[in-house]
There are 2 protein chains.
Amino acid sequence: MTRPRLTQQERTERTRELLLDATVDCLVELGYARTSTNEICRRAGVSRGAQQHHFATKAELMANAIEHLVTKLLASMSEHPPSSLPGPDRVAMGIDMLWQGYSGSLSTAVMELWVAARTDPELRAAMHPIDKGLARRTSELFREMLGDQVAPDQPEQPQKDMPLWLTVNLIRGLALDAMLGGDPVRRDQLLQEWKTIAVKTYGA
Amino acid sequence: MTRPRLTQQERTERTRELLLDATVDCLVELGYARTSTNEICRRAGVSRGAQQHHFATKAELMANAIEHLVTKLLASMSEHPPSSLPGPDRVAMGIDMLWQGYSGSLSTAVMELWVAARTDPELRAAMHPIDKGLARRTSELFREMLGDQVAPDQPEQPQKDMPLWLTVNLIRGLALDAMLGGDPVRRDQLLQEWKTIAVKTYGA
DNA sequence: AAGTTTACCGGCAGACCTGATTGTTTCTTC
DNA sequence: GAAGAAACAATCAGGTCTGCCGGTAAACTT
């Protein structure tokens, strides 16, 4: 016969996970404005009391959701194995990886939080360090894929990061377009065009 | 002695203008989530009754704010005279024009509405036609600046629009970065780099 | 095994916010 | 100039959302 109840730590972990996942769900499906703690609790199958016990305020819940989200996003990007295929197409592969990461529903949730954070100082403060971490990790992943030797403590080389950040910003624009129901075919054409240009400019 | 009260039409026009401007103000300053009809009325110096008289529902107010906003945005873009300077720098000028248009506070408000519209069918429906109009007009402006003969009823030439839409999406990504307090210097560098690439790829 | 801490429950109150409704004043029209 | 329409004012009612609080039971501590 199994234990009738989990250990405290397990319970905490499980409940927090349920809440954070439900939060992300709500952000994707309802958007930040319509996301209420009530609905989050309903989806998580957790009482409002429990929610408040783990995350005292809504802002706190959201702040933790960000970290949860970024962790998942980086994981999904790391999935695509950064095996450095030979050839000049590594730039194109890097772009594909970024598109994979930034075009899914996870990035939709992140976008909601970004926009909300613009006018919410508390949320903004919580996001800032996590955002920096995401940027750093993305840069590392990109360089790994390009086959560069990653020397973390080396002085910054902004030149090196140009293709990365051009791509990231373009992709964020495309992600926005996708959110609004733009034409997927045209998005692919644009991404394809960018890959061609990027390979020609930065490749090999 | 002047008329103690304006004519009906003038009053209507003025009140609507006040309300829509206040709405945009709220969107920029508070974000969509925290924008309430109450606050809009307060800023516009108009009673809630008046607001409801002109825009029955909040969604209707927002929907009209979009049009108001896009009109202003196009006006601000048209300001920059599309005088076709000679030389291959016309592409760079076009990019500058787009950046001018899409990087101000107007585009912040538009962004708020876009994100809100993702999960609000009514708002989404209202935005769709206006969005298409914006896209069409932007394309025309861009072509004018490039010195192309604009032949409106000509069959679509997607090839021609590649540099435009690559630029627009990149700029939207950069605008998002600006909203979140990214580094302005790096944004300039990225835009500069893109101009160089675009001129080399599409210029002259 | 008693006491303490922790996780969780569910109701409550205060603060908005939105849409509706009724009343008042001024313009317009006939 | 009288009737009707339009612009506006002000209050009301219904709903939702958030944060708080007292209570319970299980898990940990000693």
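Proteins get letters first, then strands, A, B, ... in listed order; numbering begins at 1 in each.
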>> Quiz question: by atom type and distance under 3.5 Å, do the side chains of A:Thr37 and A:Arg48 form a donor-acceptor pair?
In response: yes
>> Check whether B:Ser36 reaches the backbone of B:Glu39 with its side chain - one donor and one acceptor, N or O, closer than 3.5 Å.
In response: yes
> Rounded to the Å, how far apart are A:Arg34 CZ and C:dC17 P?
Replying inline: 16 Å
>> Quick check with a 6.0 Å cut-off and a 45 degree axis cone: is A:Lys58 positioned over the face of A:Tyr32's six-membered ring?
In response: yes
>> Please report the distance, rounded to the nearest Å, between CD in B:Glu17 and P in D:dA7.
In response: 16 Å
> Has the side chain of B:Arg187 got a donor or acceptor atom that lies under 3.5 Å from a matching backbone atom of B:Gly182?
Replying inline: yes
> Looking at residues 38-57 of chain A, who's got a heavy atom less than 4.0 Å off DNA chain D?
Replying inline: A:Asn38, A:Arg48, A:Gln52, A:Thr57
> For the helix from C:dA1-D:dT30 to C:dC30-D:dG1, what angle lies between the axis at the first five pairs and the axis at the last five pairs, to 10 degrees?
Replying inline: 10°
> Roughly, in whole Å, what's the span from CD in A:Glu10 to P in C:dC8?
Replying inline: 12 Å
> Taking NZ from A:Lys58 and P from D:dG19, how many angstroms apart are they, rounded to a whole number?
Replying inline: 8 Å
>> Please determine whether a side-chain nitrogen or oxygen atom of A:Thr7 lies at a distance below 4.0 Å from atom OP1 or OP2 of D:dA27.
In response: no
Listing, residues 121-130 of chain A side-chain donor-acceptor contacts under 3.5 Å, not counting sequence neighbours, or none:
none

>> Donor-acceptor check, side chain of A:Asp120 to backbone of A:Ala116, threshold 3.5 angstrom: yes or no?
In response: no
> Nearest-Å distance, CZ (B:Arg11) to P (C:dT25)?
Replying inline: 14 Å
> Any donor and acceptor pair, going by atom type alone, linking the side chain of A:Gln51 with main-chain N or O of A:Cys41 inside 3.5 Å?
Replying inline: no
>> Rounded to whole Å, how long is the line connecting atom CG of A:Leu18 with atom P of C:dA7?
In response: 15 Å
>> Between C1' on D:dC20 and CD on A:Glu60, what's the gap in Å once rounded to a whole number?
In response: 15 Å
> At under 4.0 Å, does any side-chain N or O of A:Thr37 touch on OP1 or OP2 of D:dC17?
Replying inline: no
>> Does B:Glu67, at its CD atom, have more than 12 non-hydrogen atoms belonging to other residues, nucleotides or ligands within less than 6.0 Å?
In response: no
> Is it true that a side-chain atom of A:Thr201 and a backbone atom of A:Ala198 form a donor plus acceptor pair closer than 3.5 Å?
Replying inline: no
